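Sequence positions, counted from 1, serve as the residue numbers for this chain. Computed from a prediction, not measured in an experiment: that's the story for all the values here. Heavy atoms only: backbone and side chains are in, while hydrogens, waters and symmetry mates are out.
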Amino acid sequence: MIKVGDTLPAVTLTEFVEVEGNGCSIGPNPVDVAKASDGKTIALFALPGAFTPTCSAKHVPGYVAQYDALKAAGVDEIWCVSVNDAFVMGAWGRELKSTGKVRMMGDGSADFTKATGLTLDLTARGMGLRSNRYSMLVKDGKVASLNIEGPGKFEVSDADTLLAQVKG
(Lines give C-alpha, C1' and ligand atoms only; values in the text may rest on other atoms or scores of the structure.)
Protein backbone atom coordinates (compact mmCIF):
# COMPACT_ATOMS: atom_id res chain seq x y z
CA MET A 1 0.00 0.00 0.00
CA ILE A 2 1.18 3.51 -0.79
CA LYS A 3 2.58 5.45 2.17
CA VAL A 4 3.96 8.85 3.06
CA GLY A 5 7.14 9.48 1.07
CA ASP A 6 6.12 7.29 -1.87
CA THR A 7 5.76 8.62 -5.41
CA LEU A 8 2.31 8.53 -7.00
CA PRO A 9 1.79 5.62 -9.41
CA ALA A 10 2.91 6.30 -13.00
CA VAL A 11 -0.50 5.69 -14.57
CA THR A 12 -3.00 7.64 -16.64
CA LEU A 13 -6.31 8.94 -15.34
CA THR A 14 -8.99 10.50 -17.55
CA GLU A 15 -10.78 13.80 -17.20
CA PHE A 16 -13.83 15.02 -19.08
CA VAL A 17 -13.36 18.59 -20.30
CA GLU A 18 -16.38 20.55 -21.52
CA VAL A 19 -14.58 23.66 -22.74
CA GLU A 20 -11.68 23.46 -25.13
CA GLY A 21 -8.53 25.27 -24.03
CA ASN A 22 -5.18 25.05 -22.30
CA GLY A 23 -4.13 22.23 -24.60
CA CYS A 24 -7.19 20.12 -23.75
CA SER A 25 -9.74 19.05 -26.29
CA ILE A 26 -13.41 18.62 -25.46
CA GLY A 27 -14.24 15.17 -24.14
CA PRO A 28 -12.21 12.65 -22.16
CA ASN A 29 -8.56 13.60 -21.95
CA PRO A 30 -5.72 11.48 -20.62
CA VAL A 31 -3.95 12.81 -17.53
CA ASP A 32 -0.46 11.43 -16.99
CA VAL A 33 -0.27 11.41 -13.20
CA ALA A 34 3.51 11.87 -13.07
CA LYS A 35 3.52 14.85 -15.45
CA ALA A 36 0.38 16.43 -13.98
CA SER A 37 1.73 16.30 -10.40
CA ASP A 38 5.28 17.38 -11.22
CA GLY A 39 6.20 20.54 -9.33
CA LYS A 40 2.70 20.95 -7.84
CA THR A 41 1.01 20.65 -4.48
CA ILE A 42 -2.17 18.62 -4.91
CA ALA A 43 -4.99 17.89 -2.51
CA LEU A 44 -6.08 14.47 -3.77
CA PHE A 45 -9.05 12.60 -2.43
CA ALA A 46 -10.57 9.34 -3.57
CA LEU A 47 -13.90 7.75 -2.93
CA PRO A 48 -15.92 4.63 -3.77
CA GLY A 49 -18.15 6.05 -6.47
CA ALA A 50 -19.75 8.96 -8.27
CA PHE A 51 -23.35 9.73 -7.35
CA THR A 52 -23.14 7.68 -4.14
CA PRO A 53 -24.65 9.20 -0.96
CA THR A 54 -21.70 10.22 1.25
CA CYS A 55 -19.53 11.09 -1.74
CA SER A 56 -22.19 13.40 -3.23
CA ALA A 57 -23.52 14.93 -0.01
CA LYS A 58 -20.30 15.45 1.94
CA HIS A 59 -16.99 14.48 0.37
CA VAL A 60 -16.91 16.46 -2.90
CA PRO A 61 -18.97 19.42 -1.57
CA GLY A 62 -16.47 19.84 1.30
CA TYR A 63 -13.58 20.26 -1.13
CA VAL A 64 -15.59 22.66 -3.31
CA ALA A 65 -16.41 24.72 -0.21
CA GLN A 66 -12.76 24.76 0.94
CA TYR A 67 -11.34 25.55 -2.51
CA ASP A 68 -10.34 29.14 -1.67
CA ALA A 69 -8.80 28.17 1.68
CA LEU A 70 -6.83 25.29 0.14
CA LYS A 71 -5.54 27.55 -2.65
CA ALA A 72 -4.59 30.24 -0.12
CA ALA A 73 -2.67 27.61 1.87
CA GLY A 74 -0.58 26.68 -1.19
CA VAL A 75 -2.52 23.92 -2.93
CA ASP A 76 -2.23 24.21 -6.71
CA GLU A 77 -4.95 21.71 -7.64
CA ILE A 78 -7.62 19.53 -6.04
CA TRP A 79 -8.21 16.09 -7.57
CA CYS A 80 -11.11 13.75 -6.95
CA VAL A 81 -10.34 10.17 -8.06
CA SER A 82 -12.96 7.46 -8.43
CA VAL A 83 -13.24 4.13 -10.24
CA ASN A 84 -15.67 5.57 -12.78
CA ASP A 85 -15.22 6.61 -16.40
CA ALA A 86 -14.52 10.21 -17.41
CA PHE A 87 -18.07 10.72 -18.73
CA VAL A 88 -19.60 9.82 -15.36
CA MET A 89 -17.04 11.93 -13.49
CA GLY A 90 -17.75 14.88 -15.79
CA ALA A 91 -21.53 14.62 -15.29
CA TRP A 92 -21.08 14.29 -11.53
CA GLY A 93 -18.80 17.33 -11.43
CA ARG A 94 -21.39 19.34 -13.38
CA GLU A 95 -24.11 18.35 -10.92
CA LEU A 96 -21.96 19.23 -7.90
CA LYS A 97 -20.75 22.50 -9.48
CA SER A 98 -17.11 21.53 -8.98
CA THR A 99 -15.93 22.70 -12.41
CA GLY A 100 -12.91 24.98 -12.11
CA LYS A 101 -12.31 23.92 -8.51
CA VAL A 102 -12.02 20.12 -8.30
CA ARG A 103 -10.60 18.08 -11.16
CA MET A 104 -12.86 15.04 -11.46
CA MET A 105 -10.49 12.22 -12.45
CA GLY A 106 -11.81 8.93 -13.78
CA ASP A 107 -9.91 5.76 -12.92
CA GLY A 108 -12.12 3.60 -15.13
CA SER A 109 -10.04 0.43 -15.00
CA ALA A 110 -8.87 1.04 -11.41
CA ASP A 111 -5.22 1.24 -12.52
CA PHE A 112 -4.41 4.09 -10.11
CA THR A 113 -6.42 2.50 -7.30
CA LYS A 114 -4.76 -0.90 -7.72
CA ALA A 115 -1.31 0.69 -7.92
CA THR A 116 -1.86 2.55 -4.62
CA GLY A 117 -3.11 -0.63 -2.94
CA LEU A 118 -6.17 1.26 -1.73
CA THR A 119 -8.85 -0.93 -3.31
CA LEU A 120 -12.25 -1.65 -1.83
CA ASP A 121 -14.09 -4.78 -2.94
CA LEU A 122 -17.80 -3.96 -3.16
CA THR A 123 -18.66 -6.98 -5.32
CA ALA A 124 -21.16 -8.19 -2.73
CA ARG A 125 -23.04 -4.89 -3.17
CA GLY A 126 -22.99 -5.13 -6.96
CA MET A 127 -20.37 -2.40 -7.39
CA GLY A 128 -17.23 -4.44 -8.11
CA LEU A 129 -13.73 -3.22 -7.31
CA ARG A 130 -13.69 0.39 -6.13
CA SER A 131 -11.40 2.81 -4.36
CA ASN A 132 -11.21 3.07 -0.62
CA ARG A 133 -12.12 6.51 0.77
CA TYR A 134 -8.99 8.54 1.54
CA SER A 135 -7.23 11.83 1.06
CA MET A 136 -3.61 12.68 0.52
CA LEU A 137 -1.49 15.76 0.22
CA VAL A 138 0.88 15.37 -2.71
CA LYS A 139 3.95 17.54 -3.17
CA ASP A 140 5.91 17.26 -6.40
CA GLY A 141 4.47 13.80 -7.07
CA LYS A 142 5.23 12.42 -3.60
CA VAL A 143 2.77 11.64 -0.81
CA ALA A 144 3.25 14.15 2.03
CA SER A 145 0.27 13.00 4.13
CA LEU A 146 -2.25 10.17 3.82
CA ASN A 147 -5.61 9.79 5.54
CA ILE A 148 -7.33 6.44 4.99
CA GLU A 149 -10.88 5.91 6.20
CA GLY A 150 -12.02 2.81 8.04
CA PRO A 151 -14.83 0.71 6.50
CA GLY A 152 -17.98 2.80 6.11
CA LYS A 153 -16.40 5.84 7.76
CA PHE A 154 -16.05 9.49 6.77
CA GLU A 155 -13.88 11.01 9.50
CA VAL A 156 -10.34 11.75 8.23
CA SER A 157 -10.48 12.23 4.44
CA ASP A 158 -12.57 15.40 4.52
CA ALA A 159 -11.41 18.79 3.26
CA ASP A 160 -11.07 20.29 6.75
CA THR A 161 -8.61 17.58 7.85
CA LEU A 162 -6.47 17.97 4.71
CA LEU A 163 -6.58 21.77 4.99
CA ALA A 164 -5.23 21.55 8.56
CA GLN A 165 -2.40 19.31 7.28
CA VAL A 166 -1.58 21.74 4.46
CA LYS A 167 -1.37 24.58 6.97
CA GLY A 168 0.57 22.44 9.49
Side-chain angles (χ1 to χ4, degrees), residues 1-15 30-50 52 54-86 88-89 92-93 96 98-122 129-168:
M1 181 181 343
I2 199 166
K3 61 189 180 310
V4 172
D6 287 351
T7 300
L8 289 181
V11 298
T12 301
L13 296 169
T14 55
E15 180 179 30
V31 178
D32 179 307
V33 171
K35 288 179 184 174
S37 63
D38 187 37
K40 294 180 185 168
T41 297
I42 298 169
L44 186 154
F45 66 103
L47 35 80
T52 56
T54 301
C55 305
S56 293
K58 297 178 182 177
H59 214 164
V60 175
Y63 281 90
V64 172
Q66 290 291 12
Y67 171 79
D68 290 331
L70 285 161
K71 292 290 278 187
V75 169
D76 297 304
E77 294 179 0
I78 303 170
W79 293 8
C80 173
V81 178
S82 183
V83 181
N84 292 106
D85 63 67
V88 169
M89 293 299 285
W92 192 37
L96 296 177
S98 68
T99 304
K101 294 183 177 183
V102 177
R103 294 182 71 181
M104 304 299 276
M105 305 289 207
D107 185 22
S109 297
D111 293 337
F112 183 85
T113 300
K114 290 176 194 172
T116 63
L118 291 166
T119 59
L120 178 63
D121 188 350
L122 294 177
L129 183 69
R130 297 296 180 125
S131 174
N132 199 345
R133 185 183 305 280
Y134 65 89
S135 67
M136 64 173 69
L137 181 63
V138 177
K139 294 185 177 184
D140 196 25
K142 293 192 183 304
V143 179
S145 66
L146 178 62
N147 310 295
I148 304 169
E149 295 287 359
K153 300 289 184 184
F154 180 62
E155 300 170 341
V156 298
S157 63
D158 60 300
D160 293 336
T161 299
L162 201 59
L163 177 59
Q165 291 171 343
V166 173
K167 289 180 173 181

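A heavy-atom distance below 4.5 Å is found between the side chains of V33 and L13. Between L162 and Q66, every side-chain heavy-atom pair lies at or beyond the 4.5 Å cut-off. Between V102 and Y67 there is no side-chain heavy-atom pair separated by less than 4.5 Å. The closest side-chain heavy-atom distance from M105 to L44 is not below 4.5 Å. Inter-residue side-chain proximity for V64 and L96 is flagged as unmet; no heavy-atom pair is nearer than 4.5 Å. V31 is listed as a side-chain neighbour of R103, based on a closest heavy-atom distance under 4.5 Å. Between T119 and K114, the closest side-chain pair of non-hydrogen atoms falls below 4.5 Å.
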For this session: Could you please spell out the steps behind the side chain to side chain contact (heavy atoms under 4.5 Å, CB included) verdict for Q165 and N147?
Result: CA-CA 10 Å; Q165 291 171 343; N147 310 295; 2.7 Å; yes
Problem set entry | Audit row: L47, T52, side chain to side chain contact (heavy atoms under 4.5 Å, CB included) steps and yes/no | CA-CA 9 Å; L47 35 80; T52 56; 5.8 Å; no
Problem set entry | Audit row: W92, N84, side chain to side chain contact (heavy atoms under 4.5 Å, CB included) steps and yes/no | CA-CA 10 Å; W92 192 37; N84 292 106; 5.8 Å; no
Problem set entry | Full working for side chain to side chain contact (heavy atoms under 4.5 Å, CB included) between E149 and F154 | CA-CA 6 Å; E149 295 287 359; F154 180 62; 4.1 Å; yes
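From D121, atom CG reaches atom CZ of R130 across 11.0 Å, with rounding to the nearest 0.5 Å.
Looking only at distances, a side-chain donor or acceptor of D107 sits under 3.5 Å from a matching main-chain atom of D111. Panel note: side chain Y63, backbone D158; a donor-acceptor pair is recorded below 3.5 Å.
Test D32, T7, D76, L8 against S37 for side chain to side chain contact (heavy atoms under 4.5 Å, CB included) and you get one pass: L8.
Shortest non-hydrogen contact noted between C80 and M89 is O-CE, 3.8 Å. Summarising the geometry of V60 relative to S98, their closest heavy-atom pair is CG1-CB, 4.4 Å, with the distance given to 0.1 Å. Nearest approach of G39 to D140, heavy atoms of both residues: N-OD1, 2.6 Å.
Counting heavy-atom neighbours within 6.0 Å of K71 NZ, excluding the residue itself, gives a total above 12.
Ring geometry for H59 against F45 counts as tilted: the plane angle lies between 30° and 60°, on a 0 to 90° scale.
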